S.K.: 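One structure follows; several queries about it will come next.
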Amino acid sequence: MNYIIFDLEWNQCPSGKENENKKLPFEIIEIGAVKLNDKLEYVEEFHQLVNPTVYNELHRITRDIIMLDMKDLKKGKKFKDAVTDFFEWCESGGEYIFASWGSMDLTELQRNCKFFRINHSFAKPLIYYDIQKLYSIDSSDGKTRVSLETAIDELELVKDIPFHSALSDAVYTSKVMQALHFEQVKQYSSIDTYVIPKNSEEEFTLNYGNYTKFVSHGYPDKDVIMSDGKILSTRCVICDKKVRRRIRWFSTNQKMYYCLAQCEKHGYIKGKIKIRKTENNQFFVTKVLKLTDEAGADTIREKQRIARNKRRERRHREKLRHESEM
């Protein structure tokens, strides 16, 4: 298994969001990647400039960050040829898995492929390594996110090439990956959900040891989601037995739902459902069930108390408004 640590630079509409192509808010203009083998040893690298066809002028933010201008980009390949070369390079040497700093690059790669009608078969589910997340798990609290340059500084790695080019950022990301206690954190892979399961048969649950993550298929109406028994079900992340909910699913903002369950053998399980929306206006769910302790259970109880108080306050305001209109 090889690891493809890649980075993308992209441009956006130079005249503002209101004038952008809604199907392509970010157009890829540079692809850089480093290939590591299963021992995290350097194998080779890939670099290609992309000649843009949607946005023919650099946005001021892009222009200030990257070290390229439109004359440089015009010398590059069209996206179809550039990304075809990239995929062929990825596949040379056998099976591979993507890795990147953060989650945006893989999403934008797929969005650009869709826009330019590149028929590439991405894995389902599309599992990858978010090195920014793994660095936080390895060296911090697992929640804090720092910049790539900050990570390089904290690891006291040599900064001998400039940041903010696709290849150099891919190189730096690969160096951070090599510096991780990778065998200890590699179980915490990430799931890209730019393309969601087509139906219930394609839905999947991944087990990360002390928590599970489930990704649903799409629903036309989000109100239907929270009546689906499969969505609401709670199972122990250790023994996989169905467990009793101590606190039923409740909402905090119509997009986030929480619950508290308990396994007789393994203790409390806290649940979190996040309702998200795809580009074609379907709704889907990511559900995380995680082993927790009494303190974690108290956190869910407190969220429920706050949510109840907010509902009471809202009903009270509505009652006063109704009475004032009578």
Side-chain angles (χ1 to χ4, degrees), residues 102-103 125 127-146 151 154 180-193 196 203-216 222 225-277 283-314:
S103 61
I127 299 171
Y128 70 102
Y129 286 112
D130 179 347
I131 306 304
Q132 185 184 45
K133 180 182 80 172
L134 296 189
Y135 177 71
S136 179
I137 294 172
D138 193 49
S139 63
S140 184
D141 58 6
K143 298 179 181 179
T144 303
R145 299 292 186 264
V146 301
E154 291 177 349
L180 297 174
H181 298 94
F182 189 64
E183 289 301 314
Q184 298 176 23
V185 300
K186 70 177 183 180
Q187 63 175 309
Y188 299 108
S189 57
S190 296
I191 308 168
D192 181 86
T193 53
I196 62 173
E203 293 176 337
F204 58 89
T205 301
L206 298 183
N207 192 308
Y208 292 91
N210 66 337
Y211 73 96
T212 60
K213 187 169 186 178
F214 164 80
V215 178
S216 78
K222 69 177 180 179
I225 291 177
M226 295 309 292
S227 62
D228 189 324
K230 187 175 183 180
I231 299 294
L232 301 178
S233 67
T234 50
R235 309 188 74 88
C236 177
V237 303
I238 305 298
C239 63
D240 197 39
K241 290 183 179 179
K242 191 173 182 179
V243 291
R244 179 184 175 187
R245 287 190 291 276
R246 298 294 183 180
I247 296 178
R248 295 181 179 181
W249 291 101
F250 64 93
S251 173
T252 56
N253 60 9
Q254 300 304 312
K255 292 182 179 180
M256 301 293 294
Y257 291 79
Y258 299 89
C259 81
L260 180 67
Q262 189 171 21
C263 174
E264 293 181 357
K265 184 176 181 180
H266 298 106
Y268 286 118
I269 307 290
K270 63 180 181 180
K272 180 173 72 173
I273 284 175
K274 184 175 183 180
I275 298 179
R276 303 169 66 183
K277 193 175 182 180
F283 297 92
F284 72 102
V285 155
T286 56
K287 178 176 69 175
V288 175
L289 298 175
K290 188 173 184 179
L291 198 66
T292 191
D293 54 15
E294 190 66 44
D298 285 341
T299 300
I300 300 299
R301 296 185 185 107
E302 179 64 11
K303 285 182 181 293
Q304 184 189 44
R305 186 190 67 79
I306 293 172
R308 282 176 172 172
N309 288 340
K310 286 183 177 179
R311 286 197 298 271
R312 290 192 188 103
E313 292 172 2
R314 185 168 58 251

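Just so we're clear, the structure is a prediction, and the values are computed from it rather than from any experiment. In what follows, every heavy atom counts, from backbone to side chain, and hydrogens, waters and symmetry copies are set aside.
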S.K.: Among Lys265, Gln262, His266, which residue meets the side-chain contact (heavy atoms from CB on, under 4.5 Å) test with Cys236?
M.R.: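 The residue from Lys265, Gln262, His266 that satisfies side-chain contact (heavy atoms from CB on, under 4.5 Å) with Cys236 turns out to be His266.
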S.K.: Can you tell me if Lys230 has over 12 outside heavy atoms packed within less than 6.0 Å of its NZ?
M.R.: yes
S.K.: Do Ser190 and Lys133 get their side chains close enough for a donor-acceptor pair, meaning under 3.5 Å?
M.R.: yes
S.K.: Would you compute the distance between atom CD1 of Ile300 and atom OG1 of Thr292 and round it to the nearest 0.5 angstrom?
M.R.: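 Rounded to the nearest 0.5 Å, the CD1-OG1 separation comes to 7.5 Å.
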S.K.: Do Leu206 and Ile127 pass the side chain to side chain contact (heavy atoms under 4.5 Å, CB included) test, and can you show the C-alpha distance, the side-chain angles, and the key distance before you say yes or no?
M.R.: CA-CA 10 Å; Leu206 298 183; Ile127 299 171; 3.8 Å; yes
S.K.: Test side chain to side chain contact (heavy atoms under 4.5 Å, CB included) on Cys263 and Ile238; report intermediate values, then the result.
M.R.: CA-CA 9 Å; Cys263 174; Ile238 305 298; over 6 Å; no
S.K.: With the side chain counted from C-beta on, respond yes when Ser136 and Asp141 share a heavy-atom pair under 4.5 Å apart, and no when they do not.
M.R.: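 Yes - at least one pair of side-chain heavy atoms lies under 4.5 Å apart.
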S.K.: Taking all non-hydrogen atoms of both residues, which atom of Trp249 and which atom of Met226 are closest, and how far apart?
M.R.: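 Looking at all heavy atoms of both residues, the closest pair is CB-CE, 4.1 Å.
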S.K.: Drop me the distance from Lys255's NZ to Lys222's NZ, to the nearest 0.5 angstrom.
M.R.: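 If I round to the nearest 0.5 Å, the distance is 7.0 Å.
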S.K.: When you compare the side chain of Tyr135 with that of Ser140, does any pair of heavy atoms fall below 4.5 Å?
M.R.: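 In short, these two side chains do not touch, never coming nearer than 4.5 Å.
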S.K.: Considering only heavy atoms from C-beta outward, does the side chain of Phe182 approach that of Leu134 to under 4.5 Å?
M.R.: yes
S.K.: Rounded to the nearest 0.5 Å, what's the gap from CG on Leu232 to CZ on Arg245? Could you check?
M.R.: 6.0 Å
S.K.: Looking at residues at least two apart in the chain, or sitting in another chain, which of them share a ring-ring contact (aromatic ring centres under 6.0 Å, His included) with Phe204?
M.R.: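 Here no residue qualifies.
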S.K.: Does any non-hydrogen side-chain atom of Ile231 lie less than 4.5 Å from one of Phe214?
M.R.: yes
S.K.: Would you name the heavy atoms of Val288 and Tyr211 that are closest together and state the gap between them?
M.R.: CG1-CD1, 3.9 Å
S.K.: Taking C-beta and beyond as the side chain, do Val215 and Pro125 meet within less than 4.5 Å on heavy atoms?
M.R.: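 The answer is no, as the side chains (C-beta and beyond) never meet within the 4.5 Å cut-off.
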S.K.: Is there a donor-acceptor pair closer than 3.5 Å between any side-chain N or O of Arg235 and the backbone N or O of Asp240?
M.R.: yes
S.K.: Just so I know, are the side chains of Ile269 and Leu291 near enough to count as touching, which here means a heavy-atom distance under 4.5 Å?
M.R.: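 The answer is yes, as the side chains (C-beta and beyond) meet within the 4.5 Å cut-off.
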S.K.: Is Arg301 positioned over the aromatic face of Tyr268, cation under 6.0 angstrom from the ring centre and no more than 45 degrees off axis?
M.R.: yes
S.K.: Is the CZ atom of Arg145 crowded by more than 12 outside heavy atoms at less than 6.0 Å?
M.R.: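 Counting neighbours around CZ of Arg145, more than 12 heavy atoms of other residues, nucleotides or ligands fall under 6.0 Å, so yes.
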S.K.: To the nearest 0.5 Å, how far apart are SG in Cys259 and NZ in Lys303?
M.R.: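 Atom-to-atom, Cys259:SG and Lys303:NZ are 13.0 Å apart.
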S.K.: Return yes if some donor-acceptor pair links the side-chain N/O of Tyr188 with the main-chain N/O of Tyr208 below 3.5 Å, else return no.
M.R.: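 Between the backbone of Tyr208 and the side chain of Tyr188 there is no qualifying donor-acceptor contact (under 3.5 Å).
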S.K.: Check whether any side-chain heavy atom of Phe283 lies under 4.5 Å from a side-chain heavy atom of Ser216, and answer yes or no.
M.R.: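 No, their side chains stay 4.5 Å or more apart.
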S.K.: Parallel, tilted or perpendicular: which one describes the rings of Tyr258 and Phe250, with boundaries at 30° and 60°?
M.R.: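 Ring orientation of Tyr258 relative to Phe250: tilted.
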S.K.: Under the side-chain hydrogen bond (donor to acceptor under 3.5 Å, both in side chains) test, which residues partner Asn253, sequence neighbours left out?
M.R.: none
S.K.: To the nearest 0.5 Å, how far apart are NZ in Lys143 and CD1 in Ile137?
M.R.: 11.5 Å
S.K.: Looking only at heavy atoms, which two atoms of Val237 and Lys290 are closest? And how far apart?
M.R.: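 Shortest heavy-atom separation between Val237 and Lys290 comes out as CG1-N, 4.3 Å.
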S.K.: Should the pair Arg305-Glu302 be classified as a salt bridge under the 4.0 Å nitrogen-to-oxygen rule?
M.R.: yes
S.K.: Report yes if the side chains of Lys213 and Thr286 come closer than 4.5 Å at any heavy-atom pair, otherwise no.
M.R.: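 A side-chain contact exists here, since the closest heavy-atom pair is under 4.5 Å.
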S.K.: Output the distance between atom CD1 (Ile196) and atom CD (Glu203), rounded to the nearest 0.5 Å.
M.R.: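 The CD1 atom of Ile196 sits 9.0 Å away from the CD atom of Glu203.
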